[in-house]
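Residue numbering restarts at 1 for every chain, and letters A, B, ... go by the order of the sequence lines.
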Amino acid sequence: MDALSNLMMGLAVALTWNNLLYAFLGALIGTLVGVLPGLGPLATMAMLLPTVYLLDATPALIMLAGIYYGAQYGGSTTAILINIPGESSAVVTAIDGYQMARQGRAGTALATAALGSFFAGCVATIVIAFFAEPLSHMALKFGAREYFSLMILGLVGSVALASGSMLKAVCMVLLGLLLGQIDTDLISGTERFTMGIDELSDGINFVVLAMGLFGLGEIISNLGKPAEEREVFTSKVKGLWLSKDDFKKAWPASVRGTALGSALGILPGAGAVLASFSAYALEKKVARDPSQFGHGDIRGVAGPESANNAAAQTSFIPMLSLGLPSGAIMALMIGAMIIKGIQPGPQVMTSNPSLFWGFVASMWVGNLMLVILNLPLIGIWIKLLTVPYRLLFPAILCFCCIGLYTLNNNNFDIYSAVFFGAAGYICHKLRCEAAPLLLGFVLGPMIEENLRRALLLSSGDWATFVSSPISTTMLLLSAGLIIAVAVPALSRRRAAAFQED
Amino acid sequence: MKIANQQDFVSGCIFVLIGSVFSLGAWFKYPLGSASDPGAGYFSFGLGAILFVLGGLVVFNALGKEVDIAGAIGAIAWRPIIVILASVAAFGYLLPRLGLLVALPSLVIASSLATVEFRLRDALISAVVLTAASYGLFVKALSLNLPVGIFN
C-alpha cells in the first residue's frame, strides 16, 4: 500500500498549522465566492495569483485548490436557497434542491449537499492517490515526441468536451499559443514580437493575462447585464440533518454520483459540469419512481452534488501527474506552480514529494473544513447572499489593482491588464471562450520546446510523431475526438448533454 | 449570401487578422529555419498560418442565407467598459505619482460610476473603508512595497 503510506506522509504535511491555515483560508474564500453574486472561482483564483509570490509553493497551491472546491460547496448553497446556481456545476442541484427548500426542507437539502460532497471528496482524494502515481511513472518515460502528442491530446480533449463552438475554441487555443510566442526564444535568444517593449521580453505575465481576461472582463460583463433580482429564501433554515428515511434514499445516489464523477473528472474539459448533469440523468434512470424528480427529490441533490465534487477533485489528476491542465482552473494551478519555479509534470511527484502528497492530503482536510464551515455557519452565508454587486465590485477592483502593481512594482502590468480586460469583454460578446486561450498560453512554451526538440532529434522528420506507439495512439485519439465532434449527429448529442435537465 | 452570424463573422475576422500578423511577422522578421533545425520563427509561423486558415473557416461558416438571431452581437455595455478600464488605468497612472492614499479612493469612486445604481454616499463610504483596509492589510500587515503618500 504505497499510496496509503504516501498519503499518511502527505497528511503530516497538510496538518502543519501553516498549511491548515491556508486550507482554511482557501475553503473560506471559496465558499464566499460561491455564495457572493457575480464572482466565480476562476476570477477569484486569477485575482489571488499575486499572493502566490508571497507564499511558499505548498500553502499557495493548497489555498488555490481550496477556493476551487470551496466554491462548489458555496455554489450549491445559492442553488438550493435562491434557485441561482452560484457555480455552473450546481445548475442541476437547483432543480430539486430549490423545490425542497420551498417545501420547507432547505436544511435537509443543504445537509445532503454538504455530506454528499464530503463523501465524494474523501473518495476522490483516495482515487487521486492511487491513480496519480502510476500515471506519472508512466509519463516519466516519455520523450519529447510523446510529450508533444500528449499535450495535443490534452488541448484537443479540452476543446472537444467543452461546450460551445469547437472551431472557435480551437482558434482560441491557437491565439493563446501565439500570445505565448511573445517572449525571448529560449533556443536562439531572439526577442520575438515584443514590439521593442522591454517589459515583454520575458513574455506576457500569466497573472496579468488571467486577471485581465477573467477578473476585469468578468466585472465588465456582469455590470453590462441587467441587475439580477436576488430573492433570498428568508424563512429560517432549520433541521440541518437528514431523517433515517432521507438517508436511506440519499446514500446510494451519493455513491453512484461519486463513482460517475470520479471517472468523468479525469476527462479534460468541463468535468464537473458534465458530471453533475450525467449524475442527474443517471438518478432519474435508476429510480423506480422517477415522478418526484423536479419536485424536490433528495436523490436529485445527493447524486449531482457528489458527482460534481468528485469530478472537481479528480480533475487534478492530469494536472498533478502529467502537468496537463484540463481546464482554465487547472491552467491557473499550473501557472501558480511555474511562478513558484516548479516545472509541472510527472517529475513533481518524485522531486517534490511533500508538495505533491501534502497537496493531495490537504484536499481531504479542506473538505472536512467545508462541512464545518457550511453547516453550522449557514446563517452567515445567507446574510451574504444579499450583498449588492454595486458595493462588491469596487472592492474587487482595489484588490486586483494592488495585486497587479505588486507583481513587478510597475504600472505596466496594470495597463496590460486593462488591455486584456477589454479583450476579455470582446471574447464574452463574441461568445469566444477565453478558457482555451489560457490553456494554449500555459502549454505554448512546453509544446514549442518539445516540438522543436523532437524535430531536432529526428533530423526534421515529421513521421517521428507516428513512429512511437504511445505518441501514435495519442494522436489517433485526438483525431478521433475531432471527428466525433465534427460529425453532426454526434455533435447534436454533445449539445444535448449540456442542456438536458 | 449575407452575414448570418454576427458573432462568428467578427471573431473569424479577428482570427484571420491576428493569424496573418503573426505569420507575416515571423516570416519577415525571424529565422524560420527548417524542420531539421527549427528557428525562432518556425512555430509562430506555423501557428499563425493555421489560425489564418481556421479563422477563414469561421468567417465562411458565419455566412448564410438566413440571419441567425442567436448570433447577434447585441448592445455593447459602453458605460462599464469605459468607466472600469479608465479607472483602472488611472489608478496605474496615479499610484507611482501620488501614492496609494490618493489613487485608491479615486479608483473606488470612479469605478462606482460604472453602474446606474451609483450612490455618492455609498461610494464615499466604500472609498474610506477600502482605503483604510488596504492600507492596513497591504502596507502594514503584509508590508508590500507600495508608494503610499504624495511625497515618497
When heavy-atom pairs shorter than 4.5 Å are enumerated against chain B, which of [options] gives the highest number?
| options | value |
| --- | --- |
| A:I402, A:L175, A:L397 | A:I402 |
| A:I447, A:L457, A:N409 | A:N409 |
| A:I414, A:V173, A:I220 | A:I220 |
| A:R390, A:R431, A:K429 | A:R390 |

- Message: With side chain to side chain donor-acceptor pair (under 3.5 Å) as the test, pick out the partner of A:D413 among A:N408, A:N205, A:T406.
- Response: A:N408

Main-chain N/O of [Y] paired with [X] side-chain donor or acceptor, under 3.5 Å:
| X | Y | value |
| --- | --- | --- |
| A:K168 | A:L430 | yes |
| B:R97 | B:Y93 | yes |
| A:Y425 | A:E218 | no |

For residues [X] and [Y], report the shortest heavy-atom separation together with the two atoms involved.
| X | Y | value |
| --- | --- | --- |
| A:Y415 | B:G92 | OH-C, 3.6 Å |
| A:Y405 | A:N411 | CE1-N, 4.0 Å |
| A:A422 | B:L85 | CB-CD1, 3.6 Å |
| A:P50 | A:M211 | CG-CE, 3.8 Å |
| B:L130 | A:C398 | CD1-SG, 4.0 Å |

Side chain, backbone, both or neither: which part of [X] has a heavy atom under 4.5 Å from chain A?
| X | answer |
| --- | --- |
| B:R119 | side chain |
| B:A26 | both |
| B:I76 | both |
| B:L95 | side chain |
| B:N61 | side chain |
| B:I109 | neither |
| B:L107 | side chain |
| B:F43 | both |

- Task: Mind checking side-chain hydrogen bond (donor to acceptor under 3.5 Å, both in side chains) for B:S23 and listing every partner two or more places apart, or none if nothing turns up?
- Result: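 If we apply the side-chain hydrogen bond (donor to acceptor under 3.5 Å, both in side chains) test to B:S23, skipping adjacent residues, there are no hits.
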
Part of [X] within contact of chain B (heavy atom distance under 4.5 Å):
| X | result |
| --- | --- |
| A:V170 | side chain |
| A:L54 | side chain |
| A:C171 | both |
| A:F393 | side chain |
| A:I219 | side chain |
| A:L216 | side chain |
| A:Q181 | side chain |
| A:I182 | side chain |

- Could I get the full list of ring-ring contact (aromatic ring centres under 6.0 Å, His included) partners for A:F412, not counting sequence neighbours? none

- Query: For chain B, which residues of residues 434-442 of chain A have at least one non-hydrogen atom nearer than 4.5 Å to it?
  - Reply: none

- Does A:R145 reach the side chain of A:N450, with side-chain heavy atoms less than 4.5 Å apart?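 The answer is no; the side chains never approach within 4.5 Å.
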
- Item | Student check: side-chain heavy atoms of B:S11 and B:F15 closer than 4.5 Å | yes

- Note on the structure: Residue from B:S112, B:A77, B:S44 scoring the most non-hydrogen pairs under 4.5 Å with chain A is B:S44

- Partners of A:L391 by side chain to side chain contact (heavy atoms under 4.5 Å, CB included), sequence neighbours excluded?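 A:L391 satisfies side chain to side chain contact (heavy atoms under 4.5 Å, CB included) with A:P388, B:D122, B:S126 only.
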
- Hey, can you tell me if A:W462 and B:Y42 have their rings parallel, tilted or perpendicular (30° and 60° cut-offs)?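 Rings of A:W462 and B:Y42: parallel, under 30°.
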
